[in-house]
Amino acid sequence: MAATLAASRSLRNLLIRRVMAPTPQGLSLSLCPMSSTAQDEASTAAPRETPDHSYESLQVTVAQKHILHVQLNRPEKRNAMNRAFWREMVECFNKIAQDPDCRAVVISGAGKLFTAGADLTDIASEILQPRGDDVARISWYLRSLISRYQETFSVIEKCPKPVIAAVHGACVGAGVDLITACDIRYCAQDAFFQVKEVDVGLAADVGTLQRLPKVIGNQSLVNELAFTSRKMMADEALSSGLVSRVFPDKVGMLDAAFTLAAEISSKSPVAVQSTKINLVYSRNHSVAEGLNYMATWNMSMLQTQDIVKSVQAAMDKQELKNVTFSKL
């Protein structure tokens, strides 16, 4: 018991020395308790429109403080992904990446389901009647087109803000490409997932074949889903690791997703966004490469005043939602 108390005192003294250490650029720090009004708690008010986000295929609203809700918004077309969608998602998430007020994002589908996948009636002409007057030029055009479509979901992965996919009903074809680019996936009990591309005569080419094996870590199951286009129901999605939680219905799922987003957004944005960037990097590199990248990254990020504020809140037994972190 004496050893435990001594260790606790040593840790506290270490934290105090860190907090009281000289700070760069004349920062002024105090150990007095922070006001609970320093930062507003996540609002439960009705979502409000965002003037910077006006789209044909998406609806973007401020769900709570620091949280954006991106909805696939073609419910009359089962949220099928038309030409506007492939362009607007890139624009949307490039803006979100640069938005200092946003700290977390929830993606969902309006209406009865998440998405029926690509709107082939709208984009078929681009694929089946490509531009060019010989094989080389047609191929060059198609490669450029595919690369642009890939960026529609890669932009989610590149966005430093954590993105939570909330899936209900069908998540078919390109819907799987979309959610595998997200950081966290929740679903309702009625959700199902389907790598549909082989049924329309092509191999999935905008992310599923590259990301799904790393998401669920079971190559045999990935091969089965991709070769057969069979449906994966919610319980199997949970057991395989595609989603982390299943909820009885859409309402409960969205409530949980926004609660999770609020918890994430209460943390230091330097810490959270640094964590996402390094998780994505480490997924595609060796442990040694990931550690080297992390050391280089944190040699600057460790100098943030967010560490001091977080430690002070812990010492004062305050919740992080009452800490004011600067915009990032």
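Predicted model, so just to flag it, every value in this text is computed and none were measured.
Side-chain atoms of E56 and N82 include a donor-acceptor pair closer than 3.5 Å. Judged by distance alone, the side chains of D306 and S268 do bring a donor and an acceptor atom under 3.5 Å apart. Side-chain atoms of H168 and S108 include no donor-acceptor pair closer than 3.5 Å. Residues D177 and Q150 have side chains that never bring a donor and an acceptor to within less than 3.5 angstrom of each other. Looking at N223 and Q219, their side chains do bring a donor and an acceptor atom within 3.5 Å of each other.
Atom CD of E76 sits in a crowded spot, with more than 12 heavy atoms from other residues, nucleotides or ligands closer than 6.0 Å. Within a 6.0 Å sphere centred on CZ of R283, other residues, nucleotides and ligands contribute more than 12 heavy atoms. Heavy atoms of other residues, nucleotides or ligands lying less than 6.0 angstrom from CH2 of W297 number more than 12. Atom NZ of K77 is surrounded by 12 or fewer heavy atoms from other residues, nucleotides or ligands within 6.0 Å.
For residues 211-231, every residue pair satisfying the salt bridge (Lys or Arg N to Asp or Glu O under 4.0 Å) rule, not counting sequence neighbours, is listed here: E157-R211, E224-R230, R230-E236. For residues 106-128, the salt bridge (Lys or Arg N to Asp or Glu O under 4.0 Å) pairs, not counting sequence neighbours, are R74-D119.
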For this session: Under the side chain to side chain contact (heavy atoms under 4.5 Å, CB included) rule, what do F227 and V198 come out as? Steps first, then yes or no, please.
Result: CA-CA 7 Å; F227 294 158; V198 293; 5.8 Å; no
Exercise. Does the pair E151 and K158 meet the rule for a salt bridge (Lys or Arg N to Asp or Glu O under 4.0 Å), with working shown?
Worked result: CA-CA 10 Å; E151 183 64 13; K158 294 174 184 177; 2.9 Å; yes
For this session: Before giving the answer on side chain to side chain contact (heavy atoms under 4.5 Å, CB included), spell out for V272 and K276 the whole-Å C-alpha distance, their side-chain angles and the decisive distance to 0.1 Å.
Result: CA-CA 6 Å; V272 171; K276 172 169 179 176; 5.9 Å; no
For this session: Start with the C-alpha distance between R87 and E91, add both sets of side-chain angles, then the distance that settles salt bridge (Lys or Arg N to Asp or Glu O under 4.0 Å), and finish with yes or no.
Result: CA-CA 7 Å; R87 179 184 69 253; E91 179 183 347; 5.5 Å; no
For this session: Report the C-alpha distance between Q194 and S229 in whole Å, list the side-chain angles of each, state the deciding distance to 0.1 Å, and finish with yes or no for side chain to side chain contact (heavy atoms under 4.5 Å, CB included).
Result: CA-CA 6 Å; Q194 192 172 16; S229 79; 4.3 Å; yes
For this session: Go through I107 and I156 one step at a time and tell me if the side chain to side chain contact (heavy atoms under 4.5 Å, CB included) criterion holds.
Result: CA-CA 10 Å; I107 297 181; I156 298 172; 4.1 Å; yes
Exercise. Would K327 and D101 count as a salt bridge (Lys or Arg N to Asp or Glu O under 4.0 Å) if you check the C-alpha gap in whole Å, the side-chain angles of each, and the deciding distance to 0.1 Å?
Worked result: CA-CA 6 Å; K327 293 181 179 181; D101 289 317; 3.1 Å; yes
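In this structure, the ring-ring contact (aromatic ring centres under 6.0 Å, His included) partners of Y281, at least two apart in sequence or on a different chain, are H285, Y293. Under the side-chain contact (heavy atoms from CB on, under 4.5 Å) criterion, D249 pairs with V251, not counting sequence neighbours.
Judged purely by atom type and a 3.5 angstrom limit, N298 has no side-chain atom pairing as donor or acceptor with the backbone of M301. Checking side-chain atoms of N278 against main-chain N and O of S274 turns up a donor-acceptor pair under 3.5 Å. Distance alone, capped at 3.5 Å, places no donor-acceptor pair between the K309 side chain and the F325 backbone. The closest donor-acceptor contact from the side chain of T304 to the backbone of I307 lies at 3.5 Å or more, if one exists at all.
Hydrophobic cluster membership for F192: V172, M233 (Ile, Leu, Val, Met, Phe, Trp, Tyr linked by side-chain heavy atoms under 4.5 Å, directly or transitively). The hydrophobic cluster around V287 extends to L291, counting ILVMFWY residues whose side-chain heavy atoms fall within less than 4.5 Å of a member.
Remark: D133 CG to I138 CD1 distance equals 7.5 Å, nearest 0.5 Å. Atoms CD1 and OG1, from I179 and T208 in turn, are 8.0 Å apart once rounded to the nearest 0.5 Å.
Relative orientation of the F85 and F153 rings is tilted, given thresholds of 30° and 60° on the angle between their planes.
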